[in-house]
There are 2 protein chains.
Amino acid sequence: MKTNEKTMTASEWEIMRIIWTLGEATSRQLIRILAQKNQWSPSTVKTLITRLQTKGYLVANGATRDRLFTPTIPEIEAMTATLTHTVQSMCAMCVGRSLIAVIDDTPLSQQDITNLQQLLRDKQSHAPQSIACDCMPTHGEDFK
Amino acid sequence: MKTNEKTMTASEWEIMRIIWTLGEATSRQLIRILAQKNQWSPSTVKTLITRLQTKGYLVANGATRDRLFTPTIPEIEAMTATLTHTVQSMCAMCVGRSLIAVIDDTPLSQQDITNLQQLLRDKQSHAPQSIACDCMPTHGEDFK
DNA sequence: CTTTTTAGTTTACAGTTGTAAACTTATTGT
DNA sequence: ACAATAAGTTTACAACTGTAAACTAAAAAG
């Protein structure tokens with residue numbers, strides 16, 4: 001199992017969301033908030049903080065106690081990386097349609113829509129008629 | 001760890017992509033193709049097939065041998081479910097921007113673009129000015 | 001100062017996933 | 001009929017995850 005680029009797990013993501021929102025946070029804050037939000041025990045939160053530090057997603061400032069933890073990577077960047085990674089593991093031919101379905105039930109702001117419309121206008125010029133499926137190796141009549 | 005809706009893992013996804021593409025497949029085919037594509041041993045492929053059957057994503061027809069495995073769920077559906085699940089675990093306020101970034105480096109066909117443009121026109125009417133962040137519980141001045 | 005609290009560290013433990021060898025039995029080639 | 005093959009089943013095993021208790025040392029409270 002060579003998870004080289006240490007990925008963030010679902011639980012770890014929960015921790016990060018709070019920190020990204022607050023900008024920085026103490027373990028006390030995280031413990032209280034996640035007790036309320038997910039009924040997690042203090043230990044669980046502590047473990048996840050440690051793992052996030054090990055994976056390099058969090059750094060602590062003061063070495064003493066009551067340190068503030070801050071993210072080493074911005075939220076948007078992490079989100080985009082995760083989504084891009086997933087999208088790239090899927091059939092190139094189908095993924096466009098799927099993304100449309102996702103966008104259909106994701107709330108977008110007026111600004112998002114405007115930006116996306118602009119992007120589409122740009123893409124439209126060089127977009128191909130169709131995208132080839134990339135699910136299988138180029139078969140030299142390989143199947144049977 | 002209550003992964004209730006048995007999710008498909010990355011390796012399992014590889015198997016499914018082949019089967020979705022072929023419509024159905026024998027283990028022999030899968031073994032050969034994935035040996036070529038991922039250098040997987042035959043055993044690995046067999047294990048994954050079994051797990052996919054257990055999770056209910058694959059069914060085998062003939063009970064004898066040389067059975068054909070067929071998917072129980074269409075590819076687009078699986079893709080959309082996975083992506084939607086991920087998107088819904090992210091900050092509602094930021095995820096739109098992130099999706100735009102993803103779409104920016106995903107190749108789309110002319111048809112995809114047209115469809116998406118239509119969808120955006122529809123959404124534009126009821127889209128809010130902005131989406132609220134939903135990363136934290138509604139704090140009654142909860143932080144500190 | 002002594003006691004209580006608690007931030008941070010160690011240890012724990014079962015379920016999942018990646019990866020595969022070994023075994024069993026039915027199939028096919030000779 | 002008998003041997004070689006290979007489809008499907010069992011067993012394996014380490015790393016990763018979710019979830020947390022126990023321990024240690026330092027800070028706050030009295």
Side-chain angles (χ1 to χ4, degrees), chain A residues 1-17 19 24-70 82 85-86 89 144, chain B residues 1-17 19 24-70 82 85-86 89 144:
Chain A
M1 202 194 288
K2 92 181 107 184
T3 307
N4 232 346
E5 324 291 305
K6 285 296 176 192
T7 69
M8 238 179 273
T9 71
S11 313
E12 286 163 0
W13 195 269
E14 287 292 294
I15 302 277
M16 292 302 289
R17 286 183 68 173
I19 303 186
E24 60 185 11
T26 63
S27 60
R28 191 190 305 90
Q29 288 179 293
L30 294 167
I31 286 172
R32 205 173 24 62
I33 293 170
L34 286 156
Q36 182 181 336
K37 190 178 180 205
N38 295 3
Q39 289 73 55
W40 281 352
S41 88
S43 285
T44 299
V45 176
K46 290 177 192 175
T47 301
L48 293 172
I49 291 173
T50 302
R51 287 184 185 166
L52 282 165
Q53 284 179 278
T54 304
K55 289 188 180 181
Y57 288 111
L58 281 185
V59 281
N61 63 350
T64 17
R65 159 201 261 233
D66 253 344
R67 25 200 162 215
L68 284 170
F69 297 96
T70 55
T82 298
H85 180 255
T86 303
S89 77
K144 177 238 113 183
Chain B
M1 202 194 291
K2 91 182 104 183
T3 307
N4 231 347
E5 325 290 307
K6 284 297 179 193
T7 69
M8 235 178 275
T9 72
S11 311
E12 287 162 1
W13 196 269
E14 287 292 293
I15 302 276
M16 292 303 289
R17 287 184 67 172
I19 302 186
E24 60 183 14
T26 63
S27 60
R28 191 191 306 85
Q29 288 179 293
L30 293 167
I31 286 172
R32 204 172 26 63
I33 293 170
L34 285 156
Q36 182 181 337
K37 190 178 179 206
N38 296 2
Q39 289 73 56
W40 281 353
S41 88
S43 285
T44 298
V45 176
K46 292 177 192 174
T47 301
L48 293 172
I49 291 173
T50 302
R51 288 183 185 167
L52 282 165
Q53 284 178 278
T54 304
K55 290 188 179 181
Y57 288 111
L58 281 184
V59 282
N61 63 351
T64 17
R65 162 200 258 234
D66 254 345
R67 24 197 164 217
L68 284 170
F69 296 97
T70 55
T82 298
H85 180 255
T86 304
S89 77
K144 179 241 107 182

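Within every chain, numbering begins at 1; the chains are lettered A, B, ... in the order of the sequence lines, protein sequences first and strands thereafter. Note that these values count all heavy atoms, side chains included, but never hydrogens, waters or copies made by symmetry.
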inquiry  = Reading 5' to 3' and counting Watson-Crick or G-U wobble pairs with both distances under 3.5 Å, write the dot-bracket notation for DNA chain C, | for bases paired outside the strand.
reply    = ||||||||||||||||||||||||||||||

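Distances shown here put every side-chain N or O of A/Lys55 at or beyond 4.0 Å from the OP1 or OP2 atom of D/dC16. Residue B/Thr9 has a polar side-chain atom (N or O) positioned under 4.0 Å from OP1 or OP2 of C/dG18. Distances shorter than 4.0 Å separate none of the side-chain N or O atoms of B/Thr47 from OP1 or OP2 on C/dT19. Contact between the side-chain N/O atoms of B/Arg28 and the OP1/OP2 oxygens of D/dA7 is found at a separation under 4.0 Å. At the phosphate of D/dA20, neither OP1 nor OP2 sits under 4.0 Å from any side-chain N or O atom of A/Trp40.
Straight-line distance from the NZ atom of A/Lys46 to the C1' atom of C/dT5: 11 Å, rounded to whole Å. At whole-Å resolution of the value, CD in B/Gln29 and P in D/dG8 are 12 Å apart. A/Gln39 places its CD atom 14 Å from the C1' atom of D/dT19, with the value rounded to the nearest Å. Between A/Met8 atom CE and D/dT17 atom C1' there is a gap of 15 Å when expressed in whole angstrom units. If you measure from atom CZ of A/Arg32 to atom P of C/dT5, you get 19 Å, rounded to the nearest angstrom. B/Ile49 has its CD1 atom 14 Å from the C1' atom of C/dA20, to the nearest Å. What separates CG of B/Leu30 from P of D/dA7 is a distance of 11 Å, to the nearest Å. Protein atom CD1 of B/Ile31 is 9 Å distant from nucleotide atom C1' of D/dA6, rounded to whole Å.
Closest of all the heavy-atom pairs between B/Phe69 and B/Ala60 is CE2-CB, 3.6 Å. What you find for B/Glu12 and B/Thr7 is that their closest heavy atoms are OE1-O, 4.0 Å. Among all heavy-atom pairs drawn from B/Tyr57 and B/Met16, the shortest one is O-CE, 3.6 Å. Taking each heavy atom of A/Leu68 and A/Asn61 in turn, the nearest pair found is N-OD1, 2.8 Å. Shown here for B/Glu14 and B/Trp40, the closest heavy-atom pair between the two residues is CB-CH2, 3.6 Å.
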request  = Using the side-chain contact (heavy atoms from CB on, under 4.5 Å) rule, take A/Thr9 and A/Lys55 through it: C-alpha gap first, then chi angles, then the decisive distance, then the call.
outcome  = CA-CA 11 Å; A/Thr9 71; A/Lys55 289 188 180 181; 3.7 Å; yes

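Contact annotation: side chain of A/Arg67 to base of C/dT6, donor-acceptor pair absent below 3.5 Å. Not a single donor-acceptor pair, N or O on each side, falls under 3.5 Å between the base of C/dA7 and the side chain of A/Ser27. For A/Arg51 and D/dG18, a side-chain-to-base donor-acceptor distance below 3.5 Å is present, hydrogens and geometry of angles not being considered.
Here the CG atom belonging to B/Leu30 is positioned 13.0 Å from the OG1 atom belonging to B/Thr44, to the nearest 0.5 angstrom.
Side-chain atoms of B/Gln29 come within 3.5 Å of backbone atoms of B/Thr26 as a donor-acceptor pair (strictly under, hydrogens ignored).
Residue contacts for B/Ser11: at a heavy-atom cut-off of 4.0 Å it reaches the sugar-phosphate backbone alone, with no base atom in range. Residue contacts for A/Ser41: at a heavy-atom cut-off of 4.0 Å it reaches the sugar-phosphate backbone alone, with no base atom in range.
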